[in-house]
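Before any comments, here is the structure.
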Protein chains: 2
Amino acid sequence: MDRMLVLKAISDETRMKIMSLLLHHNYCVRALARKLNLSEGAVSQHLKVLRDAGLLTGEKKGYFMHYDVNREVLHALAADIETLASMERELCTPEESGCHSSEQEYCHTQKHGNEEVRESCHGADFAKGGNGHEHPGHCHCHKSE
Amino acid sequence: MDRMLVLKAISDETRMKIMSLLLHHNYCVRALARKLNLSEGAVSQHLKVLRDAGLLTGEKKGYFMHYDVNREVLHALAADIETLASMERELCTPEESGCHSSEQEYCHTQKHGNEEVRESCHGADFAKGGNGHEHPGHCHCHKSE
DNA sequence: AATTTAATTTAGCAATGGCTAAATTAAATC
DNA sequence: GATTTAATTTAGCCATTGCTAAATTAAATT
């Protein structure tokens with residue numbers, strides 16, 4: 001499952017409406033077009049995007065196309081986003097992020113709020129380090145207030 | 001929270017990378033630009049999109065901008081999508097969806113698979129109903145195989 | 001086999017979006 | 001208060017996207 005493809009697919013108002021409609025009922029393309037005030041071609045193109053993202057499976061039944069929502073993909077996406085949301089800030093790893101060795105001992109993780117933050121990294125040494133475009137990834141700590 | 005705005009914000013590869021980076025660490029704009037191989041302006045624009053969606057809050061700390069991910073918005077989005085994914089197909093409501101009264105008695109909900117589907121709605125009466133462009137929203141049942 | 005019809009695809013157009021480079025803003029240092 | 005510097009905004013460019021209308025495809029009916 002290509003998460004980006006799924007996100008792009010549902011981050012369009014019209015396609016989200018289509019998903020919502022198909023989650024509730026079974027509609028033929030023309031009925032969708034009518035509900036959405038769009039041409040059938042436009043709807044067909046949207047359906048293709050949703051199909052390509054794996055969100056729909058289509059099957060011809062008699063004269064009519066029959067689309068089914070693949071709810072698993074939505075469940076997976078929700079889980080994926082939830083995982084992202086629950087991600088904790090890592091401990092500072094200066095060597096990986098490009099801190100100067102002289103600054104490393106001051107690096108701390110800053111979680112939420114500003115309580116744990118100590119002065120470091122953006123001190124005078126850093127500011128004088130170059131022309132500004134060689135600015136390295138720093139260790140992400142900043143001045144306490 | 002505007003769900004659509006949030007979805008559009010994170011359905012871009014670069015912005016998703018920014019989110020991921022900021023969820024792990026605290027980066028200044030220039031460090032992000034360097035990591036992503038982009039101009040600072042481009043990064044700033046992406047940050048604005050994420051801010052406008054409510055995904056980030058920015059605060060100036062000394063020389064540097066300090067961005068925090070609003071994890072609540074991500075949690076809410078995940079829950080939202082999960083709700084969507086768990087949506088059950090409603091029972092057929094022909095009067096609402098435009099079925100002809102003669103067809104209503106045959107309408108059924110089709111959940112997953114095709115087992116519960118009966119012939120209805122798309123029968124001969126329906127096909128002869130008009131020039132095709134007056135095609136009403138129908139009750140979404142279709143022929144069994 | 002010919003016809004009818006639902007759905008898809010294509011061509012062309014307008015709007016949107018992301019990028020760079022340059023100008024501007026705002027805040028910290030001197 | 002002048003200078004320095006990080007971040008934002010703006011202007012202009014190109015690629016992408018969504019739309020309509022028309023052409024095409026594919027399947028069911030006759």
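Heavy atoms only: backbone and side chains are in, while hydrogens, waters and symmetry mates are out. Keep in mind that this is a model prediction, so the values were computed, not measured.
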Atom [atom1] of [X] to atom [atom2] of [N]: distance rounded to whole Å?
| X | N | atom1 | atom2 | answer |
| --- | --- | --- | --- | --- |
| A/E59 | C/dA6 | CD | C1' | 16 Å |
| A/L36 | D/dT20 | CG | C1' | 15 Å |
| B/I18 | C/dC19 | CD1 | C1' | 13 Å |
| B/K8 | D/dT17 | NZ | P | 12 Å |
| A/K17 | D/dG18 | NZ | P | 14 Å |
| A/L32 | C/dT8 | CG | P | 10 Å |
| A/M65 | D/dT25 | CE | C1' | 13 Å |
| A/L50 | C/dA7 | CG | C1' | 16 Å |

Phosphate OP1/OP2 of [N]: any [X] side-chain N/O under 4.0 Å:
| X | N | value |
| --- | --- | --- |
| A/R30 | C/dT5 | no |
| B/T14 | C/dC19 | yes |
| B/Y67 | D/dA6 | no |
| A/S44 | C/dA6 | no |
| A/Y27 | C/dA6 | no |

Q: Look up atom CD1 in A/I10 and atom NZ in A/K17, then write down how far apart they are to the nearest 0.5 Å.
A: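 Going from the CD1 atom of A/I10 to the NZ atom of A/K17 covers 15.5 Å.
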Q.
Let me confirm one number: the CG-CG distance from B/D80 to B/L74, rounded to the nearest 0.5 Å.
A. 12.0 Å
Among [options], find the nucleotide with the atom closest to the side chain of [X].
| X | options | value |
| --- | --- | --- |
| B/L47 | C/dA7, C/dG18, D/dT8 | D/dT8 |
| A/L38 | D/dT20, C/dT8, C/dC19 | D/dT20 |
| B/H46 | C/dG18, D/dA7, C/dA7 | C/dG18 |
| A/R15 | D/dT8, C/dT8, D/dG18 | D/dG18 |
| A/R51 | C/dT8, C/dC19, D/dC19 | C/dT8 |

Q: Taking the side chain as every heavy atom from C-beta outward, state whether A/H75 and A/E72 have any atom pair closer than 4.5 Å.
A: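 Yes; the side chains approach each other to less than 4.5 Å.
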Q.
Is the shortest side-chain heavy-atom distance between A/L47 and A/Y67 below 4.5 Å?
A. yes
Q | Under 3.5 Å side-chain donor-acceptor pair for B/S86 and B/E82 | A |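 Yes - a donor-acceptor pair under 3.5 Å links their side chains.
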Q. If you pin A/K60 and A/D12 to their nearest nucleotides in DNA chain D, which one's is more 5'?
A. A/D12
Q.
Go nucleotide by nucleotide along DNA chain D from the 5' end; which of A/V49 and B/K48 gets its closest nucleotide reached first?
A. B/K48
Q: Record whether the side chain of A/Q45 comes under 3.5 Å of the base of C/dT10 through a donor-acceptor pair of N or O atoms.
A: yes
Q. For the side chain of A/R71 and the backbone of B/M87, is there at least one donor-acceptor N/O pair under 3.5 Å apart?
A. yes
